[in-house]
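Data first, discussion second: the structure below is written as C-alpha cells.
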Amino acid sequence: MHETASDRPPCEAERGLVIAAFLGTQAIGNFIMYHLVAASIARAVPGGRLVVIYRDDRPYKGFINMLNPYVTTTLKANADSNFVIPLDWFDGETDVSGRPFGEEWYEQGFHKPDILLTPSMLDIGKCLWPAPRFRIPSDIVPTLTEALIRRGVDKDRWFASVHMREAGYKWRPGSDPPRNVDPETYLPMIADIIQKQGGQVVRLGDPAMTPLPEMDGLIDLSWDGDSFPEQAFAISRARYFIGTDSGPTQLAGAFKTPAASTNALGLGLWNGGDTILFKKYIGPGGNPIERRHLIEILPMLGNSRPLETIIIDNTPKELRDVAARMYGATTDCPGWREDREDDGIYDPPGTVNLPIEWKDHADIVNLTF
C-alpha cells in the first residue's frame with residue numbers, strides 16, 4: 001500500500017525538506033562559500049532544514065556556523081583532514097551503533113535527509129542566486145558592540161575594515177605565496193581613509209602579521225588571536241571592506257558589506273557593485289595580460305596560475321584609488337553599518353533541481369573591475 005503524507009503522523013508530514021551538507025574543507029574562505037551554497041538550497045524550499053556536518057579543526061568554524069541563519073543544527077565530524085563522511089550514516093536506519101547521532105536527530109529525521117550535499121556540490125558557482133546573507137545573532141550584538149568600543153572604535157564615527165594577507169598564518173604557514181602582500185603598500189590608503197575621508201580603520205588578521213605604525217583612528221585587532229568574533233562583527237558593521245585574496249574577503253561578501261578585493265588573483269566576491277583589482281599579470285614576451293583576457297580565464301585563476309607569467313602587486317596609488325571609490329559608493333552609510341533582518345527580495349521556487357547547475361558568477365552579478 002502506498003503511504004501518502006496525510007497517512008503519516010502530523011509531525012513527520014509537516015516537517016520540511018532536510019538538506020544535509022558536509023562542509024569538508026579547512027580554509028575559511030571555502031568554508032564560508034560552502035555555507036552559502038548550502039543555505040541557498042535550503043532557502044529555495046520553504047521550510048527547508050539545513051543540517052551542517054563539519055570537521056571541528058579550526059577555531060573559527062563554530063562561530064561561522066552561528067552566522068548562517070539557515071542552519072537548523074550542526075554535527076561535528078572527525079577532525080582528521082583525511083576523514084571522509086560515511087554515506088551510510090544517512091541510510092535512514094535507526095538501530096546502527098557507532099553513529100554520532102543524538103536522539104533529536106532521529107526524532108527530527110536528520111538521519112535520512114532528502115538531499116545530501118558533498119563538498120564537490122558546494123562550489124560558489126553552484127549557489128542558487130542571489131547568494132544568501134550571513135547575520136550576527138542578535139543576542140550577541142550588544143557584547144560585540146561593547147568589545148569593539150573597548151578596543152577603541154568610536155561608536156559615533158564610521159569605519160572601514162581592512163585585511164592584508166601575509167605569510168605565517170598559524171593554520172596555513174607558507175601557503176600560496178603569490179596571494180601575500182606587503183602591508184606597507186597599504187599604509188597610504190589607510191592614511192587616506194582616516195585623514196581625508198574622516199573614517200576609522202579596523203585592521204583584521206592574526207598575530208603573525210607585521211605590526212603597523214601607530215596612527216590615530218587605526219585599531220589593530222590582528223594581535224589578538226582570539227578576536228575572530230570581534231573581527232567578523234567589524235566586517236558586518238563596516239562602511240566598506242578592503243581585503244586581499246583571503247578568507248575575510250569572503251566573509252565580507254557573506255555579510256554583503258560593500259567590498260573590494262585588491263591584489264586579486266581570482267574573483268573571491270559575488271555581490272553586485274563589489275570591486276576587483278587584479279594583480280598585474282605579465283605574460284610570455286613581457287606584455288601585460290589585458291583585463292578582458294583575465295576575466296575570460298577566471299575559472300583557472302585563484303589557486304591556479306597561468307604558466308610563464310610574472311605577477312606584480314598593486315601600487316599604493318591604485319590602492320588609494322580603490323579606497324576613494326569605496327568611499328564614494330557608500331555615502332548611504334555615514335556611521336556603523338546597520339543590520340538588516342531581511343535577505344532582500346527572494347521568491348523561493350519551492351523546488352531544487354539536481355544536479356545543481358554551475359554558473360560563473362562573473363556573468364551573473366555586476367562586479368566592478
Side-chain angles (χ1 to χ4, degrees), residues 1-28 30-124 126-128 132 134 137 139 348-357:
M1 178 178 177
H2 178 68
E3 181 185 41
T4 66
S6 60
D7 297 324
R8 305 187 198 113
C11 61
E12 184 175 350
E14 295 172 5
R15 71 179 177 88
L17 203 71
V18 176
I19 299 100
F22 178 43
L23 311 191
T25 182
Q26 291 180 325
I28 182 173
N30 288 336
F31 191 71
I32 289 166
M33 291 186 284
Y34 285 12
H35 254 290
L36 293 178
V37 178
S40 77
I41 295 168
R43 179 189 61 178
V45 182
R49 296 181 295 163
L50 177 59
V51 177
V52 164
I53 304 100
Y54 71 105
R55 299 189 189 102
D56 189 27
D57 55 2
R58 294 291 185 271
Y60 49 71
K61 285 187 174 181
F63 189 79
I64 290 174
N65 290 340
M66 296 170 53
L67 303 178
N68 185 347
Y70 296 94
V71 171
T72 301
T73 191
T74 62
L75 175 68
K76 294 181 183 180
N78 191 317
D80 185 348
S81 60
N82 295 317
F83 172 78
V84 178
I85 182 172
L87 294 181
D88 59 3
W89 278 5
F90 302 98
D91 58 10
E93 298 294 330
T94 59
D95 57 353
V96 182
S97 62
R99 296 184 179 178
F101 299 155
E103 192 61 34
E104 177 196 7
W105 272 65
Y106 294 111
E107 292 176 354
Q108 298 296 326
F110 298 148
H111 65 299
K112 49 178 180 179
D114 299 284
I115 299 175
L116 177 61
L117 302 173
T118 63
S120 63
M121 302 169 70
L122 294 172
D123 183 276
I124 191 65
K126 295 184 179 181
C127 186
L128 303 183
F134 276 5
D139 60 334
T351 60
V352 176
N353 296 320
L354 299 175
I356 303 167
E357 182 182 0

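When every heavy atom of Y60 is checked against every heavy atom of I28, the shortest pair comes out as OH-N, 3.3 Å. Smallest separation of non-hydrogen atoms from T72 and F110: CG2-CZ, 3.9 Å. Across all non-hydrogen atoms, the minimal contact from L122 to A38 is CD2-N, 3.9 Å. Across all non-hydrogen atoms, the minimal contact from P46 to G350 is CD-CA, 4.0 Å. Smallest separation of non-hydrogen atoms from P137 and M66: CG-O, 3.6 Å. Closest approach of L50 to A21, counting heavy atoms only: CD1-CB, 4.2 Å.
Residue pairs meeting the salt bridge (Lys or Arg N to Asp or Glu O under 4.0 Å) criterion with at least one partner in residues 32-42, sequence neighbours excluded, do not occur; the list is empty. Residue pairs meeting the salt bridge (Lys or Arg N to Asp or Glu O under 4.0 Å) criterion with at least one member in residues 63-87, sequence neighbours excluded, are D56-K76. Applying the salt bridge (Lys or Arg N to Asp or Glu O under 4.0 Å) definition to pairs two or more places apart or across chains, those involving residues 81-98 are D91-R99.
Between the CD1 atom of I53 and the CG atom of L23 there is a distance of 7.5 Å, given to the nearest 0.5 Å. We find the OG1-CD distance between T73 and Q108 to be 9.0 Å, quoted to the nearest 0.5 Å. How far CD of Q26 is from CZ of R55: 7.0 Å, rounded to the nearest 0.5 Å. Summarising the geometry, atom CE belonging to M121 is positioned 7.5 Å from atom CG belonging to L116; distances are rounded to the nearest 0.5 Å. Taken from CG in L36 to CG in N68, the straight-line distance is 7.0 Å, to the nearest 0.5 Å. In this structure, the separation between CD1 on I41 and CG on L17 is 10.5 Å, given to the nearest 0.5 Å.
In this pair, F90 and F101 present their aromatic rings tilted. The plane angle is within the 30 to 60° band.
In this structure K126 satisfies the side chain to side chain donor-acceptor pair (under 3.5 Å) test with no other residue, sequence neighbours excluded. Contacts of P100 classified as side chain to side chain contact (heavy atoms under 4.5 Å, CB included), with partners at least two apart in sequence or in another chain: L75, W89. Here A44 pairs with L128, Y346, P349, V352 under the side chain to side chain contact (heavy atoms under 4.5 Å, CB included) rule; sequence neighbours left out.
Using a 4.5 Å heavy-atom cutoff, the side chains of V37 and I124 are in contact. Looking at Y34 and Y54, their side chains never come closer than 4.5 Å, going by heavy atoms from C-beta outward. Within the 4.5 Å cutoff, side-chain heavy atoms of H35 are placed close to those of V71. With a 4.5 Å cut-off on side-chain heavy atoms, I32 and L67 do not count as touching. In this structure, F22 and L117 have side chains that are not in contact, with every pair of non-hydrogen atoms separated by 4.5 Å or more.
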Practice item. Given side-chain contact (heavy atoms from CB on, under 4.5 Å), test N65 with F31 step by step and report yes or no. Key: CA-CA 10 Å; N65 290 340; F31 191 71; 3.5 Å; yes
